[in-house]
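The next block holds one structure in the form of structure tokens; read it before the comments.
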Amino acid sequence: MTATISYDDVEVGTELPAQTFPVTRDTLVRYAGASGDFNPIHWNETFAKEVGLPDVIAHGMFTMAEAIRVVTDWAGDPGAVVEYGVRFTKPVVVPNDGEGASIEVGAKVAAKLDDRTVRVDLTAMSAGQKVLGMSRALVRLA
């Protein structure tokens with residue numbers, strides 16, 4: 001696959017379609033099984049609170065993976081992402097209330113670079129708090 005978005009059609013400031021990703025306790029259990037990360041802060045409410053967390057929290061790598069979906073969906077090819085990095089600023093707290101939490105992600109093109117690449121800056125929020133900082137992806141476009 002190759003990116004379906006053309007470098008020539010993108011300008012600095014181009015906004016990618018925002019997305020909201022639901023997160024439930026079930027989501028966390030399935031992610032733990034797939035990733036092998038069974039840290040009890042991600043599934044055991046009692047343990048999470050004993051170590052000072054407000055409740056069970058989503059895996060940082062899960063949060064990071066959900067956020068980059070905005071970029072890969074826009075580009076049309078996950079392989080178009082050349083580089084991706086974030087700082088974890090706040091946890092995504094996932095209550096056991098049948099609704100869970102959500103991660104709201106927005107992104108925009110911050111710079112056009114050489115070799116048909118762009119830098120995309122992402123914003124990821126949950127419960128009104130920024131959960132990822134310095135979230136940036138380098139994307140090679142068609």
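As the structure is a prediction and not an experimental result, all values here were calculated from the model. Note that the numbering runs from 1 along the sequence shown for the chain.
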Next item on the list: Compare every heavy atom of Ala110 with every heavy atom of Val12, then report the nearest pair and how far apart it is.
Entry: CG1-O, 3.6 Å
Check: Which pairs with one or both residues in residues 47-71 pass side-chain hydrogen bond (donor to acceptor under 3.5 Å, both in side chains), sequence neighbours excluded?
Finding: Arg25-Asp55, Glu45-Lys49, Glu66-Arg69
Notebook entry, point to check: Hey, mind stepping through Leu28 and Val56 against side chain to side chain contact (heavy atoms under 4.5 Å, CB included) and telling me if it holds?
Noted result: CA-CA 9 Å; Leu28 300 181; Val56 165; 3.6 Å; yes
Check: When rounded to the nearest 0.5 angstrom, what distance separates CD1 in Ile103 from CZ in Phe62?
Finding: 5.5 Å
Check: What are the two closest heavy atoms between Ala67 and Leu132, and how far apart are they?
Finding: CB-CD1, 3.8 Å
Check: What pair of heavy atoms forms the shortest contact from Val70 to Ala107, and how long is it?
Finding: CG1-CB, 4.1 Å
Note to self: Taking ring pair (Phe, Tyr, Trp, His ring centres under 6.0 Å) as the cut-off, I'd like each qualifying pair that reaches into residues 68-102, sequence neighbours left out, listed once.
What the structure shows: none
Next item on the list: List the atom of Ser135, the atom of Val86, and the distance in Å for their closest heavy-atom pair.
Entry: OG-CG1, 3.3 Å
Note to self: Checking one residue: Leu138. Which other hydrophobic residues are in its cluster under the side-chain 4.5 Å linking rule?
What the structure shows: Val82, Leu113
Checklist line | His42 side chain reached by Asp37 side chain, heavy atoms, under 4.5 Å | finding: yes
Item checked: side chain to side chain donor-acceptor pair (under 3.5 Å) involving Glu99 - partner list, sequence neighbours excluded -> none
Notebook entry, point to check: Partners of Thr4 by side chain to side chain contact (heavy atoms under 4.5 Å, CB included), sequence neighbours excluded?
Noted result: none
Item checked: Side-chain hydrophobic cluster, 4.5 Å single linkage: members besides Leu53 -> Ile41, Phe47, Val51, Ile57, Val93
Item checked: Minimum side-chain heavy-atom gap Met61-Tyr31 below 4.5 Å -> yes
Item checked: salt bridge (Lys or Arg N to Asp or Glu O under 4.0 Å) contacts touching residues 80-89 (sequence neighbours left out) -> none
Note to self: According to side-chain hydrogen bond (donor to acceptor under 3.5 Å, both in side chains), does anything in residues 120-130 pair up with another residue at least two apart or in another chain? List the pairs.
What the structure shows: Arg119-Asp121
Item checked: Results of side chain to side chain donor-acceptor pair (under 3.5 Å) for Asn39 - residues two or more places apart only -> none
Notebook entry, point to check: So how far is it from Ile68 CD1 to Leu122 CG, rounded to the nearest 0.5 Å?
Noted result: 5.5 Å
Which side-chain N or O atoms in residues 13-24 pair as donor and acceptor under 3.5 Å with protein atoms at least two apart or in another chain?
residue: Thr14; atom: OG1; partner: Glu11; partner atom: N; Å: 3.0
residue: Thr14; atom: OG1; partner: Glu11; partner atom: O; Å: 2.7
residue: Gln19; atom: NE2; partner: Asp73; partner atom: OD2; Å: 3.0
residue: Thr24; atom: OG1; partner: Asp26; partner atom: N; Å: 3.4
residue: Thr24; atom: OG1; partner: Thr27; partner atom: N; Å: 3.2
residue: Thr24; atom: OG1; partner: Thr27; partner atom: OG1; Å: 3.0

Checklist line | Least distance between heavy atoms, Val81 atom then Thr72 atom | finding: CG2-CG2, 3.9 Å
Check: Applying salt bridge (Lys or Arg N to Asp or Glu O under 4.0 Å), which residue pairs with at least one partner in residues 102-117 are found, sequence neighbours left out?
Finding: Asp8-Arg116
Next item on the list: Treating Ile, Leu, Val, Met, Phe, Trp and Tyr as nodes and any side-chain heavy-atom pair under 4.5 angstrom as an edge, say whether Met125 and Val105 lie in one connected cluster.
Entry: no
